[in-house]
Number of protein chains: 2
Amino acid sequence: MEPTLKLADQICFPVYAASRLIIRKYTPYLDELGLSYPQYLVMLVLWEEDQVPVSFIVQKLLLNTNTITPLLQRLEAMGMLTRKKSQHDERKVIVSLTAKGRKLKEQAATIPSEMAACLLSKEITAADLGMLVNKLNQLIATLNEEDAS
Amino acid sequence: MEPTLKLADQICFPVYAASRLIIRKYTPYLDELGLSYPQYLVMLVLWEEDQVPVSFIVQKLLLNTNTITPLLQRLEAMGMLTRKKSQHDERKVIVSLTAKGRKLKEQAATIPSEMAACLLSKEITAADLGMLVNKLNQLIATLNEEDAS
DNA sequence: GAATATTATATCGTGCGCGATATAATATTT
DNA sequence: AAATATTATATCGCGCACGATATAATATTC
């Protein structure tokens with residue numbers, strides 16, 4: 001398929017639109033937790049691994065500190081986490097969940113399966129979704145390694 | 001694959017991250033045109049069909065007027081388009097390209113193939129991209145029709 | 001045809017995303 | 001060990017996205 005200036009032909013727009021629509025679909029569930037979508041992503045990272053430097057979250061979410069720092073400051077103000085300078089290297093800031101932040105994981109436990117149900121349809125099976133995740137992760141890897149150079 | 005609270009397992013994050021990384025990759029090309037990515041999308045719509053109401057662009061890009069109106073105002077200030085009330089229905093605002101806006105299409109003509117080249121790799125073929133576009137469009141259709149209800 | 005509902009667009013406030021820049025701490029070089 | 005470079009995080013400014021609300025024009029109902 002020769003790429004053209006038509007909206008539907010390009011990969012960029014479907015990915016961009018799907019991202020926004022999926023996030024919209026998450027919103028009612030996340031409202032119950034009092035989290036925005038990016039805040040939810042930060043919590044997902046910390047629920048997997050706690051007491052990590054800011055750089056770890058930056059790397060996982062493929063965002064920069066100019067986005068992550070304000071996000072963490074808001075989550076700190078909400079009482080979900082703490083930010084404290086590392087003793088070994090005072091440049092690093094270690095992010096740790098509070099009890100409240102850890103507790104929230106239980107409340108979030110049902111979200112993934114509820115969301116998966118929202119995305120399935122006659123045209124999109126669970127296998128399709130798995131394949132999509134797979135190919136998108138390869139695409140991300142390609143785009144990300146070029147960045148490093 | 002049973003959905004879990006792990007970042008990598010869910011569809012949401014890969015789509016979100018891929019969207020941002022693809023847009024980042026567009027940026028140097030769009031800088032030459034003096035356009036942001038959302039502004040580029042508006043121009044893509046108008047290059048396909050000119051003299052359309054705001055609602056047409058809203059529908060094509062799956063955005064709302066609270067995003068589109070300021071976007072159009074900036075593009076108008078840049079001299080790319082004009083906004084004029086419809087004579088038949090004064091609620092509608094008709095968006096039309098200026099000569100400058102039409103002219104920009106020529107300069108943008110090389111972007112799609114340049115971008116496609118950026119996204120291809122050992123792991124991602126042109127056929128993969130085609131399939132991705134296809135499945136994402138189905139996903140968008142599913143998410144969008146539920147909205148309408 | 002006056003009252004009400006609907007439609008189309010605009011405005012406002014908040015939280016991202018990100019390029020550019022700043023700052024402070026550690027590493028490296030000389 | 002003083003000068004320089006690098007690393008880790010933070011700040012600033014601007015343009016999206018979007019929920020909530022406003023406003024004006026047309027349609028519909030009574």
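Numbered from 1 within each chain, the chains take letters A, B, ... in sequence-line order.
In this entry the distance linking CG of D31(B) with P of dG15(D) reads 13 Å, nearest Å. Atom CG of L63(A) is separated from atom P of dG19(C) by 11 Å (rounded to the nearest Å). Residue L75(A) contributes atom CG, which lies 11 Å from atom P of dG15(C) at whole-angstrom precision. In this structure, R24(A) atom CZ and dC16(C) atom P are separated by 17 Å, rounded to whole Å. To the nearest angstrom, P of dT7(D) lies 12 Å from NZ of K92(A). A straight line from CD of E76(B) to C1' of dT9(C) spans 14 Å, rounded to a whole angstrom. Atom CD of E90(A) and atom C1' of dT23(C) are 14 Å apart (whole Å). Taking atom CD1 of residue I22(B) and atom C1' of nucleotide dC18(C), one finds them 17 Å apart after rounding to whole Å.
With hydrogens and angles ignored, a donor-acceptor pair closer than 3.5 Å exists between the side chain of R91(B) and the base of dT7(C).
For the residue pair V15(B) and L136(A), the shortest heavy atom distance occurs at CG2-CD1, 3.5 Å. P14(A) and I140(B) get closest at one heavy-atom pair: O-CD1, 3.4 Å. Contact detail for V52(B) and I57(B): the closest heavy-atom pair is CG2-CG1, 4.0 Å.
Each of P38(A) and N66(A) was matched to the nucleotide of DNA chain C holding its nearest heavy atom; the match closer to the 5' end belongs to P38(A). Residue T65(B) is the one, among R74(A) and T65(B), whose nearest nucleotide of DNA chain C lies closer to the 5' end (criterion: closest heavy atom). Along DNA chain D, the nucleotide nearest I94(A) and the nucleotide nearest N64(B) are compared for position; the residue whose nucleotide lies closer to the 5' end is I94(A).
Phosphate proximity of dT9(C) to S55(B): present, with a side-chain N or O under 4.0 Å from OP1 or OP2. Taking side-chain N and O atoms only, T67(A) has no distance below 4.0 Å to OP1 or OP2 of dG17(C). Contact check, Y16(A) against dA17(D): a side-chain N or O comes under 4.0 Å of OP1 or OP2. Distances shorter than 4.0 Å separate none of the side-chain N or O atoms of T27(A) from OP1 or OP2 on dC18(D). Side-chain nitrogen and oxygen atoms of Q73(B) include none within less than 4.0 Å of the OP1 or OP2 phosphate oxygen of dT9(C). At the phosphate of dA10(C), OP1 or OP2 sits under 4.0 Å from a side-chain N or O atom of R83(B).
Within the 6.0 Å centre-distance limit, the rings of Y16(A) and Y37(B) are counted as a close aromatic pair.
Distances were taken from every side-chain heavy atom of V93(B) (C-beta onward) to each of dC16(C), dA10(C), dG19(C); the shortest belongs to dA10(C). Proximity note for V54(A) (side chain, C-beta onward) versus dA10(D), dA25(C), dC16(D): the nearest is dA10(D).
Checked against D89(B) for a side-chain hydrogen bond (donor to acceptor under 3.5 Å, both in side chains), the options K92(B), Q87(B), K85(B), R91(B) give a single hit: R91(B).
I23(B) comes within 4.0 angstrom of no nucleic acid atom, judged by non-hydrogen atoms across all strands. As judged by a 4.0 angstrom heavy-atom cut-off over every strand, I68(A) is placed among residues making no nucleic acid contact. In this structure, F56(A) reaches neither bases nor backbone, as no heavy-atom distance under 4.0 Å exists between it and the strands shown.
Checking T142(A) against S121(B) by side-chain atom types alone, a donor-acceptor pair falls below 3.5 Å.
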